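Keep in mind the model is a prediction, meaning the values are calculated, not measured.
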Amino acid sequence: MPSVAAQQTQVPVGFSIPALLPHAISVSLPTWKDNVAYEEGEPWIVAAMQTGYPRFFIHKSIQKLAALCLKKFGTPQELCLLLPTPKTAQACRAYLLAHTNPPIQTRIVEFVICSDGNPPASRNGDDEGCLELQIILFPKENWPLVKSFWQHTGLGISSRRAERGLALLGEKKIREVLGDEAGPAVAEEEPTAAAAAVVEAETPAPRASYSKNRHYSRANATPSSSSNPTSHNSISNSTPNSSSKPDAFETYHAQYVEQRYGRNLPASSAAVAKLALRRRIAGVLEGEEISGGRGINESDVWLFPTGMAAIWTAHQACLAIRKGDEKRSVCFGFPYADTLKVFEKWGPGCTFLGHGLASDITALSELLASSRTSDDPHPVLALVCEFPSNPLLRSADLVEIRRLADEYGFVVIVDETVGNFVNVEVMEWSDIVVSSLTKVFSGETNVMGGSLVLNPLSKHYPLLKAHLEADYEDIYFGEDAIFMERNSRDFLPRIKTINSNAEHMCDFLRSRSLASSSPSSNFVIKDVLYPKWTSPENYLRCRRPAPASDASPEDNGRFGGLFSLTFTNAASSKAFFDALDCVKGPSLGTNFTLASPYVILAHYQELDWAAKYGVESTLVRVSVGMESEEVLKIWFEKALDAAEKAASS
């Protein structure tokens with residue numbers, strides 16, 4: 001019997017993981033039945049959902065603020081979506097126009113909320129005691145399409161931004177607009193709130209410009225880097241190293257942050273937090289364990305509110321540097337669902353090579369050769385792949401992809417979220433590396449984030465860098481960046497623990513699978529999908545060498561914390577999942593072990609299509625956490641026993 005210490009008390013269905021976490025990114029769906037019911041929209045589970053993954057479930061604080069905005073500016077026939085800036089609102093409008101015929105009518109309201117009624121000094125009022133919102137209003141029947149923009153791009157406002165807006169408005173103001181719909185108080189003290197709005201004329205065409213509400217403009221305001229410290233280009237391009245004298249930032253961060261603020265930076269230090277994040281990421285990518293540095297520094301790192309926003313921006317950058325040269329992209333290997341959607345729905349489209357095996361390398365080579373002409377030497381815009389892929393854990397042949405990219409001139413975008421840039425080094429083969437910082441970089445399930453890093457040695461670097469410097473808009477909400485900075489301070493040792501735990505559990509589960517060296521007839525696990533055994537030659541080519549400080553590199557294979565299990569029958573898969581004592585819900589890379597019937601959640605409406613690429617509907621995906629190996633072993637043994645009993649009953 002499991003020990004008391006090993007028994008996990010399941011979070012009730014529909015509640016945040018961990019329970020009662022205000023800005024959680026995962027939600028408890030502890031049984032197979034719960035997941036199916038969620039996908040089918042059964043009323044009992046819809047009523048139970050207190051939260052959800054932020055790009056799929058609109059946080060209740062955002063719902064509350066949207067309801068206020070809709071009641072103030074909308075009509076009974078409309079709904080609205082909240083976005084952070086005019087540029088994101090125009091991107092949403094362009095998406096809606098491109099995917100409706102005839103084009104739908106939209107209105108955009110600019111809503112600026114300030115606590116003291118004073119105008120902000122700059123366009124980005126979020127750091128000046130003000131909050132800017134863009135409210136896009138549209139006919140109710142178009143909600144599914146509008147929601148898909150939110151989901152695919154990750155550009156919607158965060159729950160912390162929504163709560164800031166509610167707090168600035170104050171409970172009295174909210175109740176004046178919403179009445180009994182206002183819900184519980186959002187702030188103990190009611191600040192004096194001043195709000196103003198500019199409403200665009202209703203039009204089906206995007207506008208080339210966007211005027212700011214004059215009441216909140218200062219005619220002679222020219223913000224300096226100090227008055228607008230979140231500007232990406234205001235940061236020094238110098239890269240710290242072990243031999244350089246610490247600069248003012250390093251001294252501040254090492255002494256003031258770590259000693260006086262052992263946890264979060266103060267709210268006023270969002271710019272410092274963002275710089276710390278960019279330097280932290282650049283430092284890992286340019287670590288001394290990498291032979292032949294690539295000259296990466298913080299000016300090559302760009303932050304986003306979500307990983308999908310980073311992927312969307314990478315694709316937009318590729319479209320921009322080849323503007324007028326309409327070319328399809330390639331999605332190589334079976335990716336996270338929204339990645340494929342971004343490359344399919346924006347631009348000329350995408351060729352999907354969904355197996356990600358050697359046969360797809362051959363298919364890619366043939367596609368490029370057959371499409372190239374003397375007048376058109378660059379037949380493909382970009383190629384995107386994950387390393388390894390989610391949920392099959394296949395690692396693409398980046399060496400061969402790089403060779404083809406150099407020959408045919410396309411941009412290589414690699415999403416290394418699953419491998420993470422502590423375990424794998426993919427920059428050598430990439431032009432752009434993107435990552436969801438929401439996952440293991442944060443570890444905590446309380447904040448979203450994403451990053452995009454340019455390879456300074458890429459031949460596309462000058463054009464990509466120039467485009468991003470001109471076009472990049474910092475929409476990462478300051479309070480979210482502060483939480484991400486705090487969470488990621490210890491990500492190196494956390495990843496080491498997670499790596500070790502995952503490898504030991506995978507070794508155990510594989511020994512009880514049909515893929516073992518001595519399989520038994522009562523085994524119900526078909527295979528353990530894990531980089532150690534799934535296309536290992538490609539993974540090992542890009543795996544970072546063990547750090548010199550690692551005294552026992554043989555105990556730490558650095559294969560990451562994610563794996564998937566396939567089963568001989570559906571009953572065993574469901575029994576395994578239901579009996580597993582870890583918490584269960586969407587996301588990965590958490591400090592605690594988290595499992596999900598991934599294909600049910602990600603591809604429920606397209607299970608037959610996913611199966612064509614080897615993605616089985618009964619697959620169980622597990623993200624291993626930092627629990628003790630003893631506890632993990634008890635959990636998995638219990639689940640495996642239940643699965644084997646289900647097969648024999």
Side-chain angles (χ1 to χ4, degrees), residues 2 6-15 17-18 26-40 42 44-45 48-49 52-53 56 337 390-393 445 501-502 505-506 508-510 512-515 522-530 561-590 592-604 607 610-611 614-625 627 631-649:
Q7 293 180 14
Q8 173 78 35
T9 301
Q10 286 296 335
V11 176
V13 63
F15 280 63
I17 302 175
S26 191
V27 60
S28 180
L29 295 167
T31 70
W32 197 281
K33 177 183 175 182
D34 295 334
N35 285 269
V36 172
Y38 173 76
E39 288 299 320
E40 294 188 348
E42 293 188 17
W44 68 268
I45 200 164
M49 299 299 290
Y53 194 76
F56 293 86
N390 175 18
L392 296 179
L393 283 302
T445 55
N501 280 348
M505 291 309 103
C506 286
F508 162 68
L509 291 167
R510 187 174 170 89
R512 296 270 293 269
S513 78
L514 297 181
N522 70 328
F523 286 172
V524 294
I525 295 178
K526 281 198 301 186
D527 204 357
V528 180
L529 308 181
Y530 182 58
L562 193 73
F563 68 88
S564 296
L565 300 173
T566 58
F567 293 83
T568 59
N569 61 85
S572 293
S573 175
K574 295 173 183 178
F576 180 94
F577 181 79
D578 289 350
L580 190 59
D581 273 335
C582 68
V583 289
K584 285 165 274 189
S587 199
L588 60 90
T590 49
F592 47 82
T593 298
L594 184 65
S596 76
Y598 175 79
V599 187
I600 297 297
L601 283 179
H603 301 287
Y604 191 71
L607 294 177
V615 183
E616 301 177 13
S617 61
T618 55
L619 175 148
V620 174
R621 192 190 70 179
V622 179
S623 173
V624 179
E627 298 90 352
V631 167
L632 291 169
K633 184 77 174 295
I634 290 171
W635 287 353
F636 285 108
E637 280 185 330
K638 176 189 172 185
L640 194 49
D641 288 344
E644 291 174 351
K645 287 177 182 176
S648 62
S649 61

Are the side chains of Phe523 and Glu644 in contact, using a 4.5 Å heavy-atom criterion? yes
What residues form a side chain to side chain donor-acceptor pair (under 3.5 Å) with Thr568, not counting sequence neighbours? none
So which atom in Val524 and which in Ala643 form the shortest heavy-atom distance, rounded to 0.1 Å? CG2-CB, 3.7 Å
Indicate the atoms forming the closest heavy-atom contact of Ser617 with Leu607, along with that distance. CB-CD2, 4.1 Å
To the nearest 0.5 Å, tell me how far Thr618 OG1 sits from Phe576 CZ. 12.5 Å
Evaluate the criterion side chain to side chain contact (heavy atoms under 4.5 Å, CB included) for residue pair Tyr38 and Met49; output intermediate values, then yes/no. CA-CA 9 Å; Tyr38 173 76; Met49 299 299 290; 3.6 Å; yes
Any side-chain heavy-atom pair of Pro391 and Val615 under 4.5 Å: yes
Ring-plane angle category for His603 and Tyr598, please: parallel below 30°, perpendicular beyond 60°, tilted otherwise. perpendicular
Given 3.5 Å as the limit, does a donor-acceptor pair link the side chain of Asn501 with the main chain of Gly625, or not? yes
Show your reasoning for whether side chain to side chain contact (heavy atoms under 4.5 Å, CB included) applies to Leu594 and Ser587. CA-CA 8 Å; Leu594 184 65; Ser587 199; 4.2 Å; yes
As an exercise, state the distance from OG of Ser26 to CD1 of Ile17, rounded to the nearest 0.5 Å. 4.0 Å
Salt bridge (Lys or Arg N to Asp or Glu O under 4.0 Å) partners for Glu39, two or more places apart: none
Return the set of residues passing side chain to side chain donor-acceptor pair (under 3.5 Å) with Ser573 (not counting sequence neighbours), or none when no residue passes. none
Taking the six-membered ring for Trp and the single ring otherwise, decide whether the centroids of Phe508 and Phe636 are under 6.0 Å apart. no
When every non-hydrogen atom of Gly561 is compared with those of Ala502, the smallest separation belongs to CA-CB, 3.7 Å
Output every pair passing salt bridge (charged side-chain N to carboxylate O under 4.0 Å, His left out) with a member in residues 562-576, not counting sequence neighbours, ordered by first then second residue. none
Do Gln10 and Ser28 pass the side chain to side chain donor-acceptor pair (under 3.5 Å) test, and can you show the C-alpha distance, the side-chain angles, and the key distance before you say yes or no? CA-CA 8 Å; Gln10 286 296 335; Ser28 180; 4.8 Å; no
Apply side chain to side chain contact (heavy atoms under 4.5 Å, CB included) to residues Asp34 and Trp44 and explain how you reach the verdict. CA-CA 10 Å; Asp34 295 334; Trp44 68 268; 3.3 Å; yes
Do Pro18 and Phe592 come close enough that some side-chain heavy atom pair is under 4.5 Å? yes
Scanning both residues in full, the closest heavy-atom pair of Ala646 with Ala571 reads CB-O, 3.8 Å
Could you tell me whether the side chain of Val13 reaches within less than 4.5 Å of the side chain of Thr31, counting heavy atoms only? no
d(Asn390 CG, Leu588 CG) to nearest 0.5 Å is 6.0 Å
How would you list, by chain and number, every residue that makes a side chain to side chain donor-acceptor pair (under 3.5 Å) with Asp578, sequence neighbours excluded? none
Phe577 versus Lys584, closest heavy-atom pair with distance: O-NZ, 2.8 Å
Non-hydrogen side-chain atoms of Leu29 and Leu601 separated by less than 4.5 Å: yes
Closest non-hydrogen contact found for Ala642 with Ala579 is CB-CB, 3.6 Å
Close side-chain approach of Phe15 to Val27, heavy-atom, < 4.5 Å: no
Taking the side chain from Ser564 and the backbone from Arg621, do they hold a donor-acceptor pair closer than 3.5 Å? no
Separation between CE (Met505) and CG (Leu632), nearest 0.5 Å, reads 5.0 Å
Calculate, to the nearest 0.5 Å, the distance between atoms CG and NZ belonging to Leu565 and Lys526 respectively. 12.0 Å
Looking at CD of Glu42 and NZ of Lys33, how far apart are the two atoms once the value is rounded to the nearest 0.5 Å? 7.5 Å
Between Ile525 and Leu514, is the side chain to side chain contact (heavy atoms under 4.5 Å, CB included) condition met? List the steps. CA-CA 6 Å; Ile525 295 178; Leu514 297 181; over 6 Å; no
Has the side chain of Thr566 got a donor or acceptor atom that lies under 3.5 Å from a matching backbone atom of Asp527? yes
Passing candidate, side chain to side chain contact (heavy atoms under 4.5 Å, CB included) with Phe563, options Leu529, Val624, Val620: Val624
Those residues at least two apart in sequence (or on a different chain) that pass ring pair (Phe, Tyr, Trp, His ring centres under 6.0 Å) with Tyr530 are Trp533, Phe559
Is there a donor-acceptor pair closer than 3.5 Å between any side-chain N or O of Asn35 and the backbone N or O of Ser596? no
